[in-house]
A.B. asks: 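Shown below is the structure under consideration.
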Amino acid sequence: MTKHINAEPVVHRSLLGGAMIIAGTTVGAGMFSLPVVSAGMWFSYSMLTLLGVWLSMLVSGLFLLEANLHFEPGASFDTLTKTLLGQFWRIVGGASIAFVLYILSYAYISGGGSIVNHSLQAVGVSLPQSLAGLVFALLLAAVVLISTRAVDRITTIMLGGMIITFFLAISDLLLDIDSTKLLYPDGETRFAPYLLAALPFGLASFGYHGNVPSLVKYYGKRPSTIVKAMVVGTFIALIIYVCWLIATMGNIPRSGFVDIISQGGNMGVLVGALSSIMSSDWLNSMLTIFANLAVASSFLGVTLGLFDYLADLFGFDDSAQGRMKTALVTFSPPTVLGLLFPDGFLIAIGFAALAATIWAVIVPALMAYKVRQLYPTRDVGFKVPGGHIAIVAVVLFGITTAACHLLAMADLLPVYGT
Ligand SMILES: N[C@@H](Cc1ccccc1)C(=O)O
């Protein structure tokens, strides 16, 4: 999530660059959980939910920006929480960021193992999924270990590849959609109650907030450009998710998802189900390549953020030995977890959402409230509209989503297909 941005002097940077940073972070493995967890509420409710979650996550990011603009460019999330909200929130915020980064790294290894396995099966090789996850993690960990610049270059190439393969694969799926499947789904007749358990996955899919301080550093204090970059970047993600849900739900019947869910709902299973209905082998490979690139680029972005965070926390230096130590604390826990529980993808995304409700939703709203109290007359060039109502609405969205996750975990909310 925290894509590294080199600290270069602030020149006139284009809007597109920032929008791509945000879109690149936002679109990740969360996207592969969306069709599976939305199967219960199905298409129309999913569209409404996506729209609502997008708006809430955009506004919470804007609150973070508003607070951030009261500091010098380069101030980190830690500095913001410490200064504005005090030691308690600094610790809660820091711990929830570290938790999200670790659990997402594990989710990506689980999803990566599943999708690498699916890809290998196509060429006749079969590996235990835990081993495939290990291969995936080791290969990409090596890139992070080599250097930040290696990650920057490789993710840029991957992003280009993702855009091309996504549109090729998706256009084929979109041509084949069956509107009856979308609008008159089969299976049981209950829909709306399943919305609640899906909410946390929507929240995780629209997470990008670790990048807001990076954008302020990247652009300097140019609020109008930063706001536009955030709106455009998250809107690109919204369009991609809408196309993705139309493509999946318009091709796989609602009852077909019960089978996908019973097999764990991991990335390889979903892509496998889509592959089996695609018209050409070539486009089928495009979909598989897209899935590999999406999870690999998110893995690089997230683990680089975790790598830098842990190096700073433990005071490991940038020498070969220091980087090796940092790599060990970064990659060992999620990789071991991936070996032990290769199929925890969906559960991990759900927990990432739970922690993200704290630092990506509630804490930004509280910080915006605080800067407005501390500096009622100071003009930093940007203020989120909507006054107290917007702040309360975002906090309520965070609390509701967290509650949904906990209730679903405790089997107190209906979860489709289980
Ligand atoms: N949106 C990212 C996950 C994420 C969550 C929270 C913050 C940053 C990133 C994904 O879909 O993979």
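Numbering of ligands and ligand atoms starts at 1, following listing order.
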A.B. asks: Check ligand 1 against Thr26 and write out every atom of the ligand that is under 4.0 Å from a heavy-atom position of the residue.
C.D. replies: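 Counting from 1, the qualifying ligand atoms are 1 (N), 2 (C), 10 (C), 11 (O).
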A.B. asks: Centroid-to-centroid, Phe206 to Tyr241, below 6.0 Å?
C.D. replies: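 Distance test on ring centres: under 6.0 Å, yes.
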A.B. asks: Applying a heavy-atom cut-off of 4.0 Å, say which part of Leu104 lies close to ligand 1: side chain, backbone, both or neither.
C.D. replies: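 Side chain only.
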A.B. asks: Is Ala356 in polar range of ligand 1, meaning some N or O pair under 3.5 Å apart?
C.D. replies: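 Checking ligand 1 against Ala356, no N or O pair falls under 3.5 Å apart.
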A.B. asks: N/O to N/O below 3.5 Å, does that happen between Ala204 and ligand 1?
C.D. replies: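 It does: an N or O of Ala204 is found under 3.5 Å from an N or O of ligand 1.
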A.B. asks: Evaluate Thr357 against Thr400 for side-chain contact (heavy atoms from CB on, under 4.5 Å), listing each step before the verdict.
C.D. replies: CA-CA 9 Å; Thr357 55; Thr400 312; over 6 Å; no
A.B. asks: Is Ser205 near ligand 1, meaning one of its heavy atoms is under 4.0 Å from it?
C.D. replies: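 The answer is yes: ligand 1 sits under 4.0 Å from a heavy atom of Ser205.
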A.B. asks: Can you confirm, on distance only, whether ligand 1 has an N/O atom lying under 3.5 Å from any N/O atom belonging to Tyr108?
C.D. replies: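 Checking ligand 1 against Tyr108, an N or O pair does fall under 3.5 Å apart.
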A.B. asks: Going by the order shown, which atoms of ligand 1 are within less than 4.0 Å of some heavy atom of Thr25?
C.D. replies: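 Reading through ligand 1 atom by atom, the close ones are 1 (N), 2 (C).
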A.B. asks: If a pair satisfies side-chain hydrogen bond (donor to acceptor under 3.5 Å, both in side chains) and one of its residues is in residues 70-95, list it, with sequence neighbours excluded.
C.D. replies: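 Found His70-Arg378, Ser76-Thr79, Asp78-Arg90.
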A.B. asks: Can you tell me how the ring of Phe299 sits relative to the ring of Phe136, calling it parallel under 30°, perpendicular over 60° and tilted otherwise?
C.D. replies: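 Perpendicular.
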A.B. asks: Could you tell me whether some N/O pair between Tyr208 and ligand 1 is separated by less than 3.5 angstrom?
C.D. replies: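 No; the residue has no nitrogen or oxygen that sits under 3.5 Å from a nitrogen or oxygen of the ligand.
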A.B. asks: Can you sort out the partners of Arg190 under side chain to side chain donor-acceptor pair (under 3.5 Å), two or more places apart, ordered by chain and number?
C.D. replies: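 Expected list: Tyr194.
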A.B. asks: Taking only heavy atoms of Gly30, which atoms of ligand 1 are found under 4.0 Å from at least one of them?
C.D. replies: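 Listed by number with element: 10 (C), 11 (O), 12 (O).
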A.B. asks: Compare Gly207, Gly305, Ala29 and give the one whose heavy atom is closest to atom 4 (C) of ligand 1.
C.D. replies: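 Ranked by closest heavy atom to atom 4 (C) of ligand 1, first place is Gly207.
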A.B. asks: Please state whether the rings of Phe290 and Phe166 are parallel, tilted or perpendicular, taking 30° and 60° as the class boundaries.
C.D. replies: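 The arrangement is tilted - the two ring planes meet at 30° to 60°.
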A.B. asks: Take Trp42 and Phe257 through the ring pair (Phe, Tyr, Trp, His ring centres under 6.0 Å) test and state the conclusion after the steps.
C.D. replies: CA-CA 11 Å; Trp42 207 244; Phe257 276 96; 5.8 Å; yes
